[in-house]
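Since the structure comes first, as structure tokens, the remarks are kept for the end.
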Protein chains: 2
Amino acid sequence: MQSDDKHRRATIHDVARAAGVSAATVSKVLRGVKTVRADNAERVHKAVSELGYRMDPLASGLRGEHRRIIGAVVPDLESPFFGKLVTELESLAEAAGYHMIVASSRESEAREADLAARMNDWRVAGCILVPVRSERGPGAEKLLDFGMTAVLVDRVSADERFDTVSADNHEASASVADLLIGRQGHKHILLHGATRISKAIRNRLAGFGERARALDPGVVIDELLSDEPLETQRAAIRSYFDGKVNGHRPTAIFSLSQHSTLLVLSEIRRMGLRIPEDVALVGFDDADWMQTTWPSITAVAQPVSAIAKRAMTALLARVEGEHTGFPVQYLEPCTLLVRQSAGQSETERPRRSGRSG
Amino acid sequence: MQSDDKHRRATIHDVARAAGVSAATVSKVLRGVKTVRADNAERVHKAVSELGYRMDPLASGLRGEHRRIIGAVVPDLESPFFGKLVTELESLAEAAGYHMIVASSRESEAREADLAARMNDWRVAGCILVPVRSERGPGAEKLLDFGMTAVLVDRVSADERFDTVSADNHEASASVADLLIGRQGHKHILLHGATRISKAIRNRLAGFGERARALDPGVVIDELLSDEPLETQRAAIRSYFDGKVNGHRPTAIFSLSQHSTLLVLSEIRRMGLRIPEDVALVGFDDADWMQTTWPSITAVAQPVSAIAKRAMTALLARVEGEHTGFPVQYLEPCTLLVRQSAGQSETERPRRSGRSG
DNA sequence: CTTGTAGAATAAACCGATTTATCTTTGGAT
DNA sequence: ATCCAAAGATAAATCGGTTTATTCTACAAG
């Protein structure tokens, strides 16, 4: 299997010698170039497997301007969302014959810029960047400086310089309004989340608000947005509910992030309110525990796979010169996973009583 | 900042020309070799910054046997545990002047072996492997075949061929017994988890069992271990509790994995039992939601940082030839985070009543 | 005024592939 | 049989660094 003495690896020249051809021919065979006689290709393959030859992916790309490597930079690797994203991207890149190099910017814009430069050092063929904050961040700027081909993912809605891919936060939030207001007829709803000036959060607020008013101009929407520490937020939720006695209390809550959902959930339980009888709960961003906990939590699931697929497809199309037109903005649709915490929707259980919107 | 025409990068030869020295000298300066006259080093640095020169990390390692790269192979990137581990490892590797290449074996032993081979293709200086299942898996075998220097992490307790690092599952579980039996005096405890033949799970069972019997020979320990699908496990939990009426019901549960903790928690809630009044709950493996949910969940936190630090330190010591002795097995201590679900421990709130073990 | 030697500098070989420019075959048409 | 074009094969240049072997200094000792 391995070459004879010690751990010296077989090179393309060893293969060439064993097959009785030149190194150039071996290179052609290995890259699938067709201008090789069948018998020669045959002997090359035989020599490759006899010597256990494996190409050095680095030396391979040394000569050309780019190597068969795709870079990926994400804000962190500790959240399941990015973990899943990276896993899918890696899988897609490999299927297309590329290696993938992953790096975490650890939520730092300075590091993001550094990593962009580093990806350029690696001479990656293309790069997928999930910006720490905005599409105008230093990472994207560096990519532009270097003239790298790249695709921006998530946390971004539009950029006239790169292809971008993100979840359709606006429409997904509107579909939550459809469920809570259109189908279930809630008249008073609380929106809970962070204020962080992220395009994604703003789109969620806007998407819900617009659809809600369109469905029922009289609906009451309270907003409880804060970036305060955990305990402060817990207190804020309790005091909000204390202030709302009896009928003035909201009958449904839409939490705008996973963190927010968990917080709201635990406070509701602590206050002794029943879900969904006393108050319905829908969260943005799905998580494993939401399916297992009881009652299970209705949530908007982000289309990680679709995002990964679209991003890699778009990137490879650029890399391989199949697409040279203007930048494109892709929006991938989310899925609303209706579970127990939203109560029985009429669509789900049509035989229930008929009080709709 | 960047080189003049278009996007042609400056090479070491450009720097040499600009500084009026040879490429070899530039190389020495850049690698910190001391046999260079101060004034020459000075001019090299000036030229580097003027041309915005950045070394190509691939071409750099081409000649030597190894490149300044550390490989890391983990079973998945979607769980926060491995995500955090990889993040820390990356950070440590970079601090030591290495690049890091991460890959997920996606829980497949075949892929694990393939990745090991791939790491060898990259000529990494060293590799950190978290085996999919056991330390005898194909990945470790490949590493051995290739004569690579490597450290095995987690899911492994001992290997006479590689340095290994893992959490001290045995002792951590014993400390759970200390809490539940020694400090709180529980007489009847349920252990819940998967049966998977993983050394880690077996150590958790053994660690708890041994300490439990040492503290109170009369303690009753039930085990509910299963790899059945979700719904089957839920039913098993309910029927277990149905069979245990009144005083024969366990007063505490130790769940052996995060997944198990969530499952137990939701079933307990569904059955209407109060935590910790009716039954106390301690889980192995901490998660964000356990701190936020109400009541908060007592859990054993694995020492991710310590594991990462130890693993990288051990690997670099091997890579740089500072350590050449026999393989070492490191066990890193876990932390028991006592929260509401375990009830008031006497150590935490000493002014409470005094009924101890 | 040599000679010796340690310290610096460098030209050239090298790493392992790809690509180019050139040379050799092959096969078909005349 | 002759010639030519197309297909295949290959020697050599190349990528951007590192390493080696050699040359060049400078300075001290003889």
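Just so we're on the same page: letters track the sequence lines, and every chain starts at 1.
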Chain A footprint on DNA chain D, 5' to 3' - any atom under 4.0 Å from a heavy atom: D:dG8 to D:dG16

Residues in residues 22-34 of chain B with a heavy atom under 4.0 Å of DNA chain D, by number, are B:A24, B:S27, B:R31

By the 4.0 Å heavy-atom rule, please label A:R67 as base, sugar-phosphate, or nothing. nothing

Please list all pairs passing the salt bridge (charged side-chain N to carboxylate O under 4.0 Å, His left out) test where one or both residues lie in residues 25-34 of chain A, with sequence neighbours left out. none

No-hydrogen, no-angle side-chain donor-acceptor test under 3.5 Å, B:S108 and B:S105: no

Classify the nucleic acid contact of A:R123 as base, sugar-phosphate or nothing, counting any heavy atom under 4.0 Å across all strands shown. sugar-phosphate

5′-ward residue of the pair B:D39/A:R63 relative to DNA chain C: B:D39

Under the ring-ring contact (aromatic ring centres under 6.0 Å, His included) definition, can you give me all pairs with a residue in residues 56-99 of chain B, not counting sequence neighbours? A:W122-B:H99

Would you check, one step at a time, whether the test side chain to side chain contact (heavy atoms under 4.5 Å, CB included) holds for B:V165 with B:Q329? CA-CA 6 Å; B:V165 182; B:Q329 280 79 48; over 6 Å; no

Walk along DNA chain C from 5' to 3' and tell me the first and last nucleotide with an atom closer than 4.0 Å to a non-hydrogen atom of chain B. C:dA8 to C:dG16

Please identify each residue that fulfils salt bridge (Lys or Arg N to Asp or Glu O under 4.0 Å) with A:D76, with sequence neighbours left out. none

Do the side chains of A:D121 and B:R9 get close enough for a salt bridge, i.e. N-O under 4.0 angstrom? yes

Return the set of residues passing side chain to side chain contact (heavy atoms under 4.5 Å, CB included) with A:A19 (not counting sequence neighbours), or none when no residue passes. A:V21, A:R43, A:V44, A:A47

Excluding sequence neighbours, so at least two apart, what forms salt bridge (Lys or Arg N to Asp or Glu O under 4.0 Å) with A:R37? A:D39

Should the pair B:K199-B:D154 be classified as a salt bridge under the 4.0 Å nitrogen-to-oxygen rule? no

Going by the rule salt bridge (Lys or Arg N to Asp or Glu O under 4.0 Å), which residues pair with B:E320 if we only count those two or more places apart in sequence or in a different chain? none

Got a sec, which pairs hit ring-ring contact (aromatic ring centres under 6.0 Å, His included) with one end in residues 10-50 of chain B, sequence neighbours left out? none

Estimated bend of the helix from C:dC1-D:dG30 to C:dT30-D:dA1 (axis per five terminal pairs, rounded to 10 degrees): 60°

Can you name the salt bridge (Lys or Arg N to Asp or Glu O under 4.0 Å) partners of A:R106, sequence neighbours left out? B:E90, B:E94

Are B:I128 and B:L315 side-chain neighbours, meaning at least one heavy-atom pair lies under 4.5 Å? yes

